[in-house]
Every structure is written in structure tokens, then in C-alpha cells.
Number of protein chains: 2
Amino acid sequence: MGTTQLETVPEPKYWHLKTVLSEALDSEFAVGEILPNERELAARFGVARATLRQALEQLELEGRLQRRRGVGTAVAPPRVGVDVGSESGPRSWPGAPGDAWHTEDHEQAPAPAAVARLLDTGAGTPVHAVRRSRTTGDQQVAAEILYVPADVVPALPAGQDPADSMAQRAARARAVLRELHRLDLQGQDRTVELGSARAEDARRLDRLPGAPVLVVTTRYIADGRTAAVSVATYRADTCRLSFSDADALPLAG
Amino acid sequence: MGTTQLETVPEPKYWHLKTVLSEALDSEFAVGEILPNERELAARFGVARATLRQALEQLELEGRLQRRRGVGTAVAPPRVGVDVGSESGPRSWPGAPGDAWHTEDHEQAPAPAAVARLLDTGAGTPVHAVRRSRTTGDQQVAAEILYVPADVVPALPAGQDPADSMAQRAARARAVLRELHRLDLQGQDRTVELGSARAEDARRLDRLPGAPVLVVTTRYIADGRTAAVSVATYRADTCRLSFSDADALPLAG
DNA sequence: GAGTGGTCTAGACCACCTG
DNA sequence: AGGTGGTCTAGACCACTCT
């Protein structure tokens with residue numbers, strides 16, 4: 001009977017569903033509007049709820065939808081562009097005046113293995129860990145931990161007393177940044193990769209653990225060595241990282 | 001009876017599974033080694049296959065595993081760092097000598113709406129679409145389409161004959177790039193965001209449709225306007241995008 | 001308490017790869 | 001042909017948010 005169906009590649013249902021939903025979002029829904037619930041949508045399209053969810057997951061990954069347990073599934077606004085670079089301009093230390101971050105916390109602890117590798121030191125080297133966060137408008141978009149080896153910025157007098165206040169910890173964090181600014185920044189390099197939010201990051205970003213994040217790792221070079229390492233996790237669903245040129249035209253749209 | 005369980009947040013099974021598997025990968029498996037199949041693993045951990053798959057999906061997203069239908073689930077090598085920037089160095093046009101891309105195909109067509117917006121032209125403006133791909137070693141890591149408006153590089157004499165050979169089409173693509181190089185590049189800006197592979201990209205990247213990709217969008221500025229737009233999709237599972245400084249030390253690890 | 005999305009199960013069948 | 005991962009189903013229960 002020969003080859004009856006030539007190149008008939010049956011599209012998975014969830015893939016087709018995603019396309020249909022995507023078009024419906026463009027034409028029939030406004031940003032912020034709540035969709036019918038999953039059971040209802042699944043019934044309407046004649047598929048199992050799990051199949052519908054597979055389509056919704058993809059759309060959420062692409063930043064088209066935003067789902068919240070106990071609330072519903074809403075049409076997401078377009079991704080916000082967050083400046084990450086000014087790559088062509090002069091480099092500057094984190095915490096320089098006017099940067100977009102809010103300094104929140106500080107502690108001293110041994111460096112995690114992955115960080116120690118980036119710092120070219122042995123695992124467990126004592127480091128400062130400075131926590132910062134970044135918002136655009138009312139939305140939390142990124143959480144960062146900045147690691148500074150204790151032999152770059154010496155340990156601070158304030159003790160490790162776990163009972164010290166948030167304000168004290170934040171003040172110590174700012175003090176570490178001030179010390180860092182005394183050094184001469186020679187260069188930096190930066191990588192971007194996909195990750196999934198660990199429990200702590202998820203909490204800070206108002207997402208569930210495992211949510212997709214863009215991990216931006218920056219090494220700051222001073223005195224011919226790696227003087228600090230920053231690991232920043234951005235919400236992948238809501239963010240578009242922007243490495244703009246100072247000379248370039250503003251991005252449309 | 002009061003609050004019997006204080007802050008007992010039951011960890012989802014798949015999340016715990018992921019942690020256990022992740023540790024097993026570090027200690028008990030070599031890169032490239034094939035894991036037991038999903039039904040076997042699910043039985044061994046006493047969970048449904050769907051639950052196990054949720055854990056495997058996360059690990060694949062993080063670049064720890066590589067799954068292939070009909071073959072099995074293997075331990076993935078560490079992500080490869082792919083240079084995307086030399087951001088601090090002089091900017092250069094795509095296709096400049098020594099760049100990492102292979103020029104493959106060319107066609108002329110109306111610009112998709114999203115591209116037209118970036119080009120600051122109306123939708124449907126005729127553009128050249130140059131397709132390029134990038135490999136590291138034997139692995140396909142990225143697929144790109146470069147859009148150049150027809151009023152920046154004029155239409156090429158070679159006809160739209162759909163029967164022209166691959167070699168002819170590649171030659172036309174290179175011709176477009178050559179014309180582009182005659183312009184004075186004033187600047188560029190670049191964004192990175194998470195996307196999912198469309199059917200064509202998935203094929204070129206040897207992945208299933210919907211696979212997570214890092215979408216790098218670059219606008220090239222010349223003569224005070226956007227002279228070209230590149231949309232490059234990198235495999236998010238295997239790639240770490242690197243924006244290295246020329247001055248910086250080489251990245252360890 | 002009612003309604004939402006998140007997790008989990010135990011099955012089935014399909015598309016793909018390899019011997 | 002046999003084994004793999006990919007898709008899909010029809011349920012169940014849980015965690016969360018709102019009123």
C-alpha cells in the first residue's frame with residue numbers, strides 16, 4: 001500500500017493548544033485580565049487538565065501568562081527590559097551611586113564551592129555575602145548575592161550575633177561595598193545562563209521553587225585578581241536583560 | 001489542640017527527588033553515562049513516572065541531564081561558555097572575518113511584525129533574511145536569522161527562483177553581509193531573554209519544539225538608524241552566554 | 001468555605017532509535 | 001521487535017487566597 005502518509009507529522013495537542021491560546025491572548029484578552037480557570041478551559045478545549053497545563057506552562061515560560069495559586073491565570077504585561085550592562089561605558093563597582101539595587105543584608109560565611117572556584121581560592125574561604133535586590137516599579141525582578149573574600153575587604157568589627165537587627169545587617173552590607181569602592185576596578189566579565197530558582201531566591205522573587213531564572217554571574221577584577229563575584233538571578237518570565245550601548249538609539253517597543 | 005505543626009512546609013516529592021538525583025549525579029555517574037530508564041527509576045524511588053519526569057525536566061533545564069527519545073537519559077557535560085560579546089572591544093558587523101558563525105541561507109521576504117518594530121519600519125517591509133548557525137565542536141549551539149531592510153542593502157539580482165541550490169542561496173547570504181560591511185557601524189544594543197524554540201529553530205538545534213532557548217536580539221546601528229536586526233536562539237540547556245571583557249582574566253572552571 | 005492553581009497517581013498509547 | 005522517552009487521560013488530594 002506504499003507510504004500512505006507523507007510527512008504527516010501529527011502536532012502534539014498541547015502545542016496546537018498553545019498556538020490557539022496565544023492567538024486568543026492577542027485578540028480577545030487585555031493585559032491583566034483573568035482567564036477562565038484550568039478545569040473550565042480544559043473542558044472547553046476537550047482535553048485533560050494536565051494537557052492544558054502543559055500549554056499554559058509554555059506560555060508562562062514565554063512571559064505571556066502569569067499564574068498565581070489561589071487566584072488564577074492572568075495575561076502578563078510585556079516583559080520589562082532591565083539594564084544589566086552599560087557594557088560599553090565605564091565599568092563600575094556594584095553599589096555605585098545611582099545603581100538600581102537595594103542593599104539589604106550581610107553575613108560572613110565560608111564560600112560555597114562554586115563561588116570559591118570563581119574566586120580562584122580554596123573551598124570554604126571566608127567571604128562577605130552581601131544580599132541585594134532589584135525592583136522595577138512595584139515588581140521584584142532580581143535577587144543578588146555578592147561575594148567578597150575576607151582578604152579583599154577585612155572582616156567587620158560587628159559580631160556575628162544572630163540577633164542583630166535588619167538595619168544593622170544592611171549597614172554592614174553597605175560598609176562592605178564602601179570598602180570595595182576604594183579598589184581600582186580593572187575589568188569584569190559576565191555570563192548569562194538559565195537556572196531554576198532555589199528556595200531562597202524563589203521566596204525573594206515571589207515565585208515557586210524551581211521557577212525559571214536568568215542567572216547573571218559577574219566577576220570583578222582588581223589588583224590582578226578576582227576581587228568580587230556577583231550572582232544575580234532575574235525572573236525569566238518577566239525580564240528581558242538589556243545590554244545597551246550608550247551610543248545606541250533607544251529601543252522601540 | 002493548638003498549632004500542631006509549626007512551619008512544616010512539606011517539600012514536593014519531585015523537588016526532593018531532584019535534590020537526591022542531583023547528588024547521585026555528582027557522586028555516582030560519569031559524564032555521558034546513561035541512567036536507568038524512567039520506569040525503572042520511578043519504581044526505584046516509589047513514585048509515579050510523571051513525578052519522576054518532573055524532576056528530570058528540571059535537571060535537564062539546568063543542564064545536568066540530556067534526554068533523547070528512543071535512546072535514554074544521559075549525564076550532560078558542563079555547559080559550554082559561548083562568547084557573545086567582546087562587549088568592551090570594538091563592535092563589528094556579523095560575518096566579520098573570524099567570527100564563530102557559518103552562513104547558510106538567504107531569502108527575501110516581508111519582515112515579521114516583531115522585526116519590523118525593531119527596525120522602526122512598517123510591518124511587511126521587504127527585508128533580506130540571512131540564516132546562520134553556530135557550533136562548538138560537533139554540537140549545534142545556536143541558530144540565527146539576520147534581517148536587513150532592502151533599503152539598506154538593495155535587492156540582489158539573483159531571482160526568487162525556489163529551485164536555486166543551497167550553494168547559490170549561501171552565496172547570496174554572504175553577498176548581503178559583504179554589502180553590510182561597507183557601512184559604518186556606530187553602535188549596537190542587545191537583549192537576552194528566555195524563549196521556547198519554534199519548530200524551525202528546534203529542528204536546527206536538534207531539539208523538540210518548545211525546548212528552552214536563550215534569545216539574543218541585537219540591533220546594529222549605522223547612518224543613525226537600525227541597519228540590521230539579528231535574532232539568535234541559543235540552546236539554553238547546553239549554553240552559558242559569555243560577555244567577556246578583553247582585559248579580564250580568563251574564566252576558571 | 002469556596003475556588004484557584006500545584007502536586008501526584010496509575011495507567012495507556014505513540015514516535016523514535018537501535019540491534 | 002523491543003526498548004526508550006514523549007504525550008495524554010481521568011481522576012484525587014493539597015496549599016493557597018479571597019471573602
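All chains are named by letter (A, B, ...) in the order of the sequence lines, taking the proteins before the strands, and each is independently numbered beginning at 1.
- Going from atom CZ of B:Arg207 over to atom P of D:dG5 covers 14 Å, rounded to whole Å.
- Per the geometry, CD1 belonging to B:Ile34 stands 12 Å off P belonging to C:dG19, to the nearest Å.
- Residues from residues 48-66 of chain A with heavy atoms under 4.0 angstrom of DNA chain C, sorted by number: A:Arg49, A:Arg53.
- Interatomic distance, CZ of A:Arg169 versus CD of A:Glu104, reported as 11.5 Å (0.5 Å rounding).
- Among all heavy-atom pairs drawn from A:Leu61 and A:Pro212, the shortest one is CD1-CG, 3.6 Å.
- Listed nucleotides: C:dT4, D:dT9, D:dG5. Nearest to the side chain of A:Asn37: C:dT4.
- In this structure, B:Tyr234 and B:Trp101 have perpendicular ring planes: the angle between them is above 60°, well past the 30° mark.
- We find that CZ of A:Phe45 is positioned 17 Å from C1' of D:dC8, with the value rounded to whole Å.
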Practice task
Apply salt bridge (Lys or Arg N to Asp or Glu O under 4.0 Å) to the pair A:Asp206 and A:Arg68, showing each step before the final yes or no.
Solution key: CA-CA 10 Å; A:Asp206 188 29; A:Arg68 298 174 65 92; 3.4 Å; yes
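- As rounded to whole Å, 14 Å separates atom P of C:dA15 from atom CD of A:Glu11.
- For the pair B:Leu208 CG and D:dT4 C1', the interatomic distance rounds to 13 Å; values are reported in whole Å.
- Salt-bridge formation is detected for the pair B:Arg64/B:Asp26: a Lys NZ or Arg NE/NH1/NH2 atom is positioned less than 4.0 Å from an Asp or Glu carboxylate oxygen.
- In this structure the side chain of A:Val141 never reaches within 4.5 angstrom of the side chain of A:Arg235, judged on heavy atoms.
- At distances below 3.5 Å, at least one donor-acceptor pair connects side-chain atoms of B:Arg190 with backbone N or O atoms of B:Val84.
- Residue B:Tyr14 places none of its side-chain N or O atoms closer than 4.0 Å to OP1 or OP2 of C:dC8.
- Taking atom CG on A:Leu41 and atom C1' on C:dG3, their separation rounds to 15 Å, with Å as the unit.
- At a cut-off of 3.5 angstrom, the base of C:dG11 holds no donor-acceptor pair with the side chain of B:Arg39.
- A heavy-atom distance below 4.0 Å to DNA chain D is reached by none of the residues of residues 17-26 of chain B.
- Counted within 6.0 Å of CZ on B:Arg204, heavy atoms from surrounding residues, nucleotides or ligands total more than 12; the atom is thus considered enclosed.
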Exercise for the section: With side chain to side chain contact (heavy atoms under 4.5 Å, CB included) as the test, would you mind laying out the steps for A:Ser230 and A:Arg132 before giving the verdict? Expected result: CA-CA 10 Å; A:Ser230 148; A:Arg132 303 194 302 160; 5.8 Å; no
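- Taken residue by residue, residues 68-80 of chain A places heavy atoms nearer than 4.0 Å to DNA chain C at A:Arg68, A:Arg69, A:Gly70, A:Val71, A:Gly72, A:Thr73.
- Atoms CD (A:Glu33) and C1' (C:dT4) sit 17 Å apart, rounded to a whole Å.
- Classification of B:Glu144 and B:Arg134 as a salt-bridged pair fails, no side-chain N sitting under 4.0 Å from a carboxylate O.
- B:Glu40 has its CD atom 13 Å from the P atom of D:dG3, to the nearest Å.
- In this structure, A:Pro12 and B:Glu38 both approach DNA chain D, and ranking their closest nucleotides by distance from the 5' end singles out B:Glu38.
- Under the 4.5 Å side-chain criterion, counting only non-hydrogen atoms from C-beta, A:Phe45 is not in contact with A:Lys13.
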Exercise for the section: Check the pair A:Arg131, A:Asp201 against salt bridge (Lys or Arg N to Asp or Glu O under 4.0 Å), reporting the backbone distance first and the verdict last. Expected result: CA-CA 11 Å; A:Arg131 282 182 174 73; A:Asp201 297 325; over 6 Å; no
